[in-house]
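Ligands are counted one by one from 1 in listed order, and the atoms in each one are counted from 1 as well. Computed over heavy atoms, backbone and side chain alike; hydrogens, waters and symmetry mates excluded.
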Amino acid sequence: MLRDWRTELNRFLILMAVAGVIGLIADRLTLFFLIAVLGYLAHTFYELFRLHSWLDTLPESDQDEPPEAKGIWGNVFDGIYRLQRREREAVNHLKSILNKAQESSAALEMAVIMINRKGNLEWWNKAAEKLLGFRSEQDQQQAVTNLLREPRFFEYFEGGKYSEPLQIPSPLNKKIILEFQITLFGEGERLMLVRDVTQMHKLELMRKDFVGNVSHELRTPITVINGYLETLLDNRDSVAPRWVKPLEQMYQQSQRMESIVRDLLTLSRLETKALPKQQDNVDINSLLREIRTEAEQVFATKQHTILVECDGSHHLQGSMSELYSAISNLLFNAAKYTPDHGEIRVSATLVENGLDIEVADNGVGIEEQHLPRLTERFYRVDESRSTDTGGTGLGLAIVKHVLARHGARLEIRSEIGKGSRFICHFPKERLLRAAPEQTVRASA
Ligand code: ADP
């Protein structure tokens, strides 16, 4: 670079020297210097003009070779040309990556939709046109909630809680079930993935029906077997002594089977039937006291101290029988998994975003690794311990379903050897003012 400047400077000095010599001969030194400087300036302006015109035509012209120039100007032209070529290559590379990404997402069976921060459609693939009926020209920049008008979608989209996917019928064909999953990215932009889950949905319905039907069909035979075993044991004097123990074991197991079938039927009902529109105004204080009385009777031999603490009179909108079943499951578990003379606290506390109902015990506790899986069907921490206590492994699954139907969630905290806390967080929308004439009491 330094060499180029030196050549340019030499050229200027030679020009000035020639002007000086001619000026001396003609006795017009100043005039010839002035002519030389003006000439140099004119040349500089001319090259600047050529550079400007070339830069001006660059965006449109394919022919982007720089104009021929000598000296420092030639270097400037070449430098800009090199920069411009490098930039063009980078843009082409990015374009090809973008094209590949678009081509591969176009080939997907799953609809991919990009939504800007205003909630308008930005880009979507071919599958989105097939599954949701988006039209490439007209729907660009349309609000997605204008195109997908199902209220559940609106609630899901605007709610912003995207940890769970949403399943709703397709806007084009009600027999097709679509699953929507939204992910936030960038500055408030959303990526929405939609897939056809009709087949899975059908299989899931079949599974639910199957479990429901099998449980229903098993109920009668188990009741009959139970009845006969009970009668035989009631008349154990007339039974050969060596049969008494086997009969007692058969009776114990058939009772367990009865509990499993009962819990499976409850779960199947919770899964297949929506909460009735007409719901109860449930008086929580009386519900908790009623469940405590039942637990005290069932677990009388364990002599637990069961305390009920409510920081006011609380009423929830929901299904009285379902809430009874959920909280009694938690309290019975606490009683089962706490050694004799334990202390169990059942409380209802008003919190900022709703009502917390908590069942806390000072029993055996649960190791942390089991906590995320406790609400799965038939999941047991310790098989032998649960069978000893007559558990079915379905209690917490029922609790989870009941809470979900009431917009609530279950939080479990536990420390091995110290005890467990099961907290049901009910949203404030479920809270009701006490309305004594409509209130359903637990004893009702
Ligand atoms: P089960 O009918 O076996 O009690 P659940 O679904 O009610 O089934 O509970 C699942 C498992 O969670 C139980 O087997 C038990 O190991 C554990 N568990 C539930 N509640 C408690 C508790 N209060 N203390 C200790 N362990 C518990």
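- Proximity to Gly395 (heavy-atom distance under 4.0 Å) selects the following atoms of ligand 1: 5 (P), 6 (O), 7 (O).
- Side-chain contact annotation: Glu411 with His425, donor-acceptor N/O pair under 3.5 Å present.
- Checked by distance only, ligand 1 and Leu396 come closer than 3.5 Å through their nitrogen or oxygen atoms.
- Using a 4.5 Å heavy-atom cutoff, the side chains of Phe157 and Leu148 are not in contact.
- Side-chain contact between Trp73 and Leu48 is present, with at least one heavy-atom pair separated by less than 4.5 Å.
- Residue contact annotation: His370 has no non-hydrogen atom under 4.0 Å from ligand 1.
- Nearest approach of Gly133 to Leu172, heavy atoms of both residues: N-CD1, 3.6 Å.
- At a heavy-atom cutoff of 4.0 Å, ligand 1 is contacted by both the backbone and the side chain of Val381.
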Stepwise salt bridge (charged side-chain N to carboxylate O under 4.0 Å, His left out) test for Lys100 and Glu103: CA-CA 5 Å; Lys100 269 187 207 146; Glu103 276 166 24; over 6 Å; no

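- Which parts of ligand 1 touch Ala334 is read off a 4.0 Å heavy-atom cut-off, strictly below it: atoms 23 (N).
- Using a 4.0 Å cut-off between charged nitrogen and carboxylate oxygen, Glu109 and Lys130 do not count as a salt-bridge pair.
- Checking side-chain atoms of Asn362 against main-chain N and O of Glu343 turns up a donor-acceptor pair under 3.5 Å.
- Numbered from 1 in the order shown, with element, the atoms of ligand 1 that lie under 4.0 Å from a heavy atom of Lys336 read 2 (O), 4 (O).
- For ligand 1, the atoms sitting less than 4.0 Å from at least one non-hydrogen atom of Leu374 are 11 (C), 12 (O), numbered in the order shown with element in parentheses.
- Within ligand 1, the atoms closer than 4.0 Å to a non-hydrogen atom of Gly393 are 1 (P), 2 (O), 3 (O), 6 (O), 8 (O), numbered from 1 in the order shown.
- Nearest to atom 10 (C) of ligand 1 by heavy-atom distance, out of Phe422, Phe378, Tyr379, is Tyr379.
- Contacts with ligand 1 closer than 4.0 Å are made by no heavy atom of Leu330, backbone or side chain.
- Judged by the shortest distance from any of its heavy atoms, Gly363 lies outside the 4.0 Å radius around the atoms of ligand 1.
- Looking at Leu396 and Asn333, their side chains come closer than 4.5 Å, going by heavy atoms from C-beta outward.
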